[in-house]
Undergrad: 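Shown below is the structure under consideration.
Below, chain A is the first sequence line, B the second, and so on; all start at residue 1.
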There are 2 protein chains.
Amino acid sequence: MVSDLNSWQTHGMTDRPAPRNARARVRAELTREISDAARRQLADTGSDGLSLRAVARELGMASSAVYRYFPSRDELLTALIIDAYTAVGDAATAAEAAIPRADLAGRWLAVCRATRAWALDHPHEYALIFGSPVPGYRAPTDTIDPAAKIPLLMLAILAEAPPAAQSRSAARAAPAVSMPRSVQADLHTLRAAMFGPGTGSTDSNEDGADDQRLGRAVMAWTQLIGSISFELFGHLNNVISDYAEYFDFQMRVIIRDLDII
Amino acid sequence: MVSDLNSWQTHGMTDRPAPRNARARVRAELTREISDAARRQLADTGSDGLSLRAVARELGMASSAVYRYFPSRDELLTALIIDAYTAVGDAATAAEAAIPRADLAGRWLAVCRATRAWALDHPHEYALIFGSPVPGYRAPTDTIDPAAKIPLLMLAILAEAPPAAQSRSAARAAPAVSMPRSVQADLHTLRAAMFGPGTGSTDSNEDGADDQRLGRAVMAWTQLIGSISFELFGHLNNVISDYAEYFDFQMRVIIRDLDII
DNA sequence: GCCTGTCAAGAGCAGTGCTCTCATTTATGG
DNA sequence: CCATAAATGAGAGCACTGCTCTTGACAGGC
């Protein structure tokens with residue numbers, strides 16, 4: 001799960017620990033200015049409208065000079081993608097942190113709502129990370145860590161919920177669905193990556209209730225992003241009018257199906 | 001729901017009933033050739049790589065001549081979008097038609113699997129219709145009719161299922177979640193648009209089980225596309241390895257939650 | 001003080017969408 | 001049958017893009 005962010009250092013994207021030289025300082029500053037201008041332009045015209053030349057114009061520099069800081073347009077886009085993942089992850093984290101720890105359902109709902117709110121505020125950045133992969137495509141490995149923040153947040157909340165089998169009312173809990181071994185294996189790997197190996201139930205729960213729940217949690221993550229994408233991209237345009245309420249309804253359904261109390 | 005496809009005739013996209021002149025015939029032919037070449041190019045390089053000039057080169061004509069048939073690159077893309085919607089809709093319809101009528105769950109599953117199979121076979125076309133809207137965005141009204149085919153297919157299957165309340169085992173059915181009035185209204189409008197006004201339960205089912213089911217059906221449509229997008233765009237790359245099995249698992253969960261027998 | 005590495009700027013290449021003009025071909029009405 | 005009108009193709013050209021290469025200026029380390 002954890003990837004190497006070290007490769008970034010090769011073209012000095014992230015802030016080095018100590019910008020010793022004045023040179024390095026002004027370089028970092030200009031790098032930020034470029035990516036800020038690019039983000040502004042992205043918000044205006046979308047990822048297709050992002051032009052290195054236009055960014056250079058806005059900053060009053062030659063287009064060729066920008067290449068000193070970002071080796072290509074795609075690298076600039078990658079930087080913006082990482083920024084977007086980080087931004088939406090931070091927004092969700094902050095919203096979740098504001099809810100009392102005991103209110104698991106409230107925390108879950110806060111994550112979902114914050115994600116949607118950020119998406120509505122930054123539609124083009126959202127499309128950049130959750131829409132179709134932009135150019136010749138190829139997900140840089142540097143993006144997977146910031147991209148995992150929100151799903152990890154959701155899984156952490158789920159982990160605090162009482163075990164699925166003994167929750168409030170087992171009758172109301174969603175019934176089990178036959179799960180292929182390969183899916184079981186994937187989910188076990190995911191659980192081990194989160195909580196360390198040997199955690200959770202391999203066979204402790206008679207019908208694999210924990211696996212069912214984890215499988216549904218991954219579905220919930222899909223549903224969250226799918227629903228926001230549908231709203232933003234207009235796929236339910238003449239069907240749902242009050243999308244905020246419909247979104248909340250969906251998330252409440254998921255919370256109940258997941259049996260988060 | 002039903003939009004005017006007539007505006008298309010202005011630039012002769014659809015096949016007129018009778019191509020009287022030889023001129024009209026060769027025009028329709030060339031229009032097809034252009035859109036075919038464009039689709040081929042789209043499959044190779046994605047929507048960003050689609051170039052009017054390259055299409056013209058492939059057909060051995062001047063780039064300016066293409067504009068006699070498609071007034072802009074965006075209009076060509078719109079034509080491809082409509083074609084893609086139609087293609088995936090036809091694939092789903094054909095797959096569904098091959099299942100015995102009585103096997104509702106099998107028919108539903110066939111629709112889902114066919115949609116995924118088409119998406120894996122035509123990833124760029126899928127990204128075109130279900131990814132982020134391409135350029136300056138704006139969904140042409142001509143696309144909404146072909147886009148509705150699959151969800152309508154799913155709703156038709158759902159309509160054949162026995163009423164939610166009296167189905168196999170009410171205890172196993174998913175529990176109800178409070179539904180805001182605005183969402184209720186949207187769902188009633190949707191139901192009326194499908195089966196005519198006055199159909200379905202306004203208050204006949206005590207806790208609005210039909211509304212719950214319809215709400216979950218829209219969620220299922222979101223989940224289907226969201227899941228395919230996640231697979232295609234790599235959002236679960238290091239989490240799910242056997243995506244085919246995981247996809248089936250998801251759809252089975254949905255079928256059970258929807259209580260399709 | 002020199003030398004080396006960093007930097008900005010400009011010119012230039014190949015490509016794009018799109019518009020305009022001009023010549024040619026086709027269909028139609030008198 | 002022929003003239004007029006419409007439709008079509010080709011070419012040049014504009015403004016723009018990402019990107020590369022070269023040139024000249026500046027600053028930091030020896």
Side-chain angles (χ1 to χ4, degrees), chain A residues 9-13 16 18-35 37-38 41-42 44-80 134-138, chain B residues 9-13 16 18-35 37-38 41-42 44-80 134-138:
Chain A
Q9 293 190 4
T10 47
H11 44 278
M13 283 294 312
R16 315 281 186 88
R20 328 170 309 279
N21 315 346
R23 191 103 109 191
R25 268 243 300 278
V26 70
R27 178 184 182 83
E29 207 167 305
L30 240 173
T31 305
R32 267 192 55 87
E33 271 184 54
I34 290 176
S35 87
Q41 200 174 114
L42 178 74
D44 282 355
T45 53
S47 69
D48 282 327
L50 200 168
S51 150
L52 267 184
R53 291 181 114 109
V55 169
R57 260 196 306 275
E58 182 176 331
L59 298 186
M61 66 195 326
S63 68
S64 55
V66 181
Y67 285 85
R68 298 266 174 205
Y69 299 87
F70 293 90
S72 76
R73 196 192 94 117
D74 284 7
E75 296 281 355
L76 214 188
L77 265 179
T78 301
L80 294 184
V134 203
Y137 157 86
R138 116 242 100 108
Chain B
Q9 294 191 5
T10 48
H11 43 277
M13 280 295 312
R16 315 283 187 86
R20 326 170 311 278
N21 315 347
R23 189 102 113 187
R25 267 245 298 279
V26 70
R27 178 183 180 83
E29 210 166 301
L30 240 173
T31 306
R32 266 193 56 86
E33 271 185 53
I34 291 176
S35 87
Q41 201 174 114
L42 177 74
D44 283 355
T45 53
S47 68
D48 282 328
L50 201 168
S51 149
L52 266 185
R53 291 180 113 109
V55 169
R57 259 195 307 275
E58 184 175 330
L59 298 187
M61 66 195 324
S63 69
S64 55
V66 181
Y67 284 84
R68 300 275 178 203
Y69 299 87
F70 292 91
S72 76
R73 197 192 93 117
D74 284 7
E75 297 280 354
L76 214 188
L77 266 179
T78 301
L80 295 183
V134 202
Y137 154 89
R138 118 240 98 110

Undergrad: Please report the distance, rounded to the nearest Å, between CZ in A/F70 and P in D/dC19.
TA: 13 Å
Undergrad: Indicate yes or no for a side-chain donor-acceptor contact from A/R68 to the backbone of A/R27 under 3.5 Å, with no hydrogens or angles considered.
TA: no
Undergrad: Rounded to the nearest 0.5 Å, how far apart are CD of B/E75 and CG of B/L77?
TA: 10.0 Å
Undergrad: Between B/R27 (CZ) and D/dA6 (P), how many Å, whole number?
TA: 16 Å
Undergrad: For the side chain of B/R68, counting heavy atoms from C-beta on, which of D/dT17, C/dC18, C/dC22 is nearest?
TA: C/dC22
Undergrad: Find the distance B/L76:CG to C/dG17:C1' and express it as a whole number of Å.
TA: 12 Å
Undergrad: Rounded at 0.5 Å granularity, tell me how far CZ in A/R53 sits from OG in A/S64.
TA: 9.0 Å
Undergrad: Look up atom CG in A/L42 and atom CG in A/D48, then write down how far apart they are to the nearest 0.5 Å.
TA: 10.0 Å
Undergrad: Check the distance between C/dG17's P and B/D74's CG and give it to me in whole angstrom.
TA: 10 Å
Undergrad: Heavy atom of residues 56-64 of chain A under 4.0 Å from DNA chain D: which residues?
TA: A/R57, A/S63, A/S64
Undergrad: Quick one: is A/Y69 getting a side-chain N or O under 4.0 Å of the C/dA8 phosphate, OP1 or OP2?
TA: yes
Undergrad: Could you check whether A/L50 gets within reach of a base, just the sugar-phosphate, or nothing at all, counting any heavy atom under 4.0 Å?
TA: sugar-phosphate
Undergrad: What integer distance in Å separates B/I34:CD1 from D/dT8:P?
TA: 11 Å
Undergrad: Give the rounded distance in Å between these two atoms: OH of B/Y67 and C1' of C/dT21.
TA: 17 Å
Undergrad: Suppose we call a contact any N or O donor and acceptor under 3.5 Å apart; does that hold for the side chain of B/R53 and the base of C/dG15?
TA: no
Undergrad: Using the side-chain heavy atoms of A/L30, tell me which of these nucleotides is nearest: C/dC18, C/dA8, D/dC19.
TA: C/dA8
Undergrad: Supply the atom-to-atom distance B/E29 CD to B/T31 OG1, rounded to the nearest 0.5 angstrom.
TA: 10.0 Å
Undergrad: Give the minimum heavy-atom separation between A/S63 and A/A56, together with the two atoms involved.
TA: CA-CB, 3.6 Å
Undergrad: Could you measure the distance from the CZ atom of A/F70 to the CD1 atom of A/I34? Nearest 0.5 Å is fine.
TA: 6.0 Å
Undergrad: Would you mind reading off the distance between A/L77 atom CG and D/dG18 atom P, rounded to a whole angstrom?
TA: 10 Å
Undergrad: Round to a whole Å and report the spacing from CG of A/L52 to P of D/dC19.
TA: 6 Å
